[in-house]
Undergrad: 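Got a structure for you, written out below as structure tokens; questions coming shortly.
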Amino acid sequence: MGTKTTPAYEGHIPVNWFENGVLAVGSAFMSLADPRRGDMVAALGETTAGPALPRLRDIMLADPEGRQILKDRPRINSKTVDLDKLATLPEGTFGRAYVTWLERCGVTPDTREPVHYIDDPELAYVMQRYRECHDFYHCIVNLPVSVDAELAVKYFEFANLGLPLAALSAIFGPLRLNSAQRHRLFSEYVPWALRCGGTARSMITVYWERRWEQNVVEMRKELGLVDAPAMKWRKPLTEAKRAAEKQWLGEAVQNGSK
Amino acid sequence: MLSSTRLVRAVLPRVHRVPLARCLNTNAPENDTPKTTSFGFRTVPESEKETLVKNVFDSVASSSLGVHRLWKDNLISTLHVAGGTGDIALRILDHAREKYADRETTVEVVDINAQMLKEGFRRFKKTMYHNTPQISFHEANAQELPPSQFLDNTYDLYTIAFGIRNCTSIPDVLKEAHRVLKPGGTFACLEFSKVNNPLLSLAYDQYSFTMIPLMGTILAGDRESYQYLVESIRKFPPQPQFAKMIREAGFTTGEDEDGGAWTDLWGGIACIHKAVKV
């Protein structure tokens, strides 16, 4: 029952069906118990992906932009995305909107756990791509990163991409909301998410990095999206600030303090 | 018999930390700084999560390495190696006090990892042994105990629990143990060992290689440490071989069988090796 296959890509952890099952159940509990365990949410997504990933890959293959993504396999993190340059783009462009969104929410593009439990390297990339584009989905429909906003995006993702993780989050996530938030979620955001996500183009085929200069309004029209109902934007998270501090501290330590 | 100090290794309950500290030891025995850099990331000793592994070891620790028999003649100076967090040290001191009204027994805890020692020290502050000669903590390498600090023929008891498998050179550890023990002194080592029963062994292997890293991933977000733990257990010499190594260091052991030179716990999942310096 033990798996002794060699890793197919960096970070690959081969698991057999039993281990996959244990991880799925364990990560489900852990994600609910401590949603800040990003690694557990990621593991849950990977262990429950099933046929959704091949389907998404095929959707990409059928679309010219999607095919280019599969060919280039671009990654999204603070090294591959020049945030400073994007900040200089004119107002109204997608790139500028993205940087503004990052600042408003206090997040960075660096917090995505690498894929471990998908065996096929191409499917692993599709999963990685989905994870890294998640923030773009927030940005393009104009939603923040609060719990209720995340759930709205999850419903949107489920309608648009069909990933089981999105469904799981959509079903269990609301347990963490109070009844007023739940009511608003289901009366306003979910109908929007299902409608918008269902009719829009498949988000996985969008080559976001080539559209920085595109006008946001135009982009939304092209992709078939409408803004989400207005939501309250809370104070920015400390994620970006902490990441910046950590980098500064890391450099200080490297420079000789012990 | 006056007490000399013995070092007690209290590695047991913190197994998910100690193995990391140990493996950090083996990676760089010369390096004295807290070895978090070997793994480049997590500070294992700070891990707070309870794990199945930890619970397993808790129950083994409660058998106190079977050293209670040594108190027949009272007092003991114990050297407990790789015992940073002081669990077994505490048990030994409590046992001496409760059973024999012995407050002269001393335990010196040695560990290569300063952070573990700090944790042990903090722990002992909550006990009555703090600030008494009964307990002390020393940062040192079990393979090379500084001879000026750890003299020859000093201790009545040398213990090491779940620490020796992480050392780079087991013969060196055994040699040092032999050196610092008094003639007549006892060497006791608690460690993971080989399960000989084929059915149990199969189940144990499956559990080790499948469940333990998974539990580590899920509960602690750390697969690698637990993967290391499981692999280091498999690499450790089986009972007869380890008993031979102990004899090669100059010790005298019982027969090469369960109940002689060693005592299997749970079919060999853990094992206590005992020997005497004559």
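Lettering follows sequence order; numbering is per chain, from 1.
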Undergrad: For residues B/T210 and A/E19, report the shortest heavy-atom separation together with the two atoms involved.
TA: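 Minimum heavy-atom contact is CG2-CG, 3.2 Å.
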Undergrad: What pair of heavy atoms forms the shortest contact from B/T217 to A/D39, and how long is it?
TA: O-OD2, 4.1 Å
Undergrad: With a cut-off of 6.0 Å (strictly less than), are more than 12 heavy atoms of other residues, nucleotides or ligands near CZ of A/F158?
TA: no
Undergrad: I'd like to check B/M211 versus A/F18 (side-chain heavy atoms, cut-off strictly below 4.5 Å). Are they in contact?
TA: yes
Undergrad: Tell me whether A/F29 at atom CZ has more than 12 heavy atoms from other residues, nucleotides or ligands lying less than 6.0 Å away.
TA: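 12 or below, so no.
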Undergrad: Tell me whether the count of non-hydrogen atoms from other residues, nucleotides or ligands lying under 6.0 Å of CZ in B/R122 goes above 12.
TA: no
Undergrad: Would you confirm whether A/R37, through its side chain, and B/I218, through its main-chain N or O, come within 3.5 Å as a donor-acceptor pair?
TA: yes
Undergrad: What's the spacing between B/L214 CG and A/N20 CG if we round to 0.5 Å?
TA: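 B/L214 CG to A/N20 CG: 9.5 Å, rounded to 0.5 Å.
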Undergrad: What's the spacing between A/I13 CD1 and B/E224 CD if we round to 0.5 Å?
TA: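 Reported value, rounded in 0.5 Å steps: 7.5 Å.
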Undergrad: How about CD on A/E10, more than 12 heavy atoms from neighbouring residues, nucleotides or ligands closer than 6.0 Å, or not?
TA: no
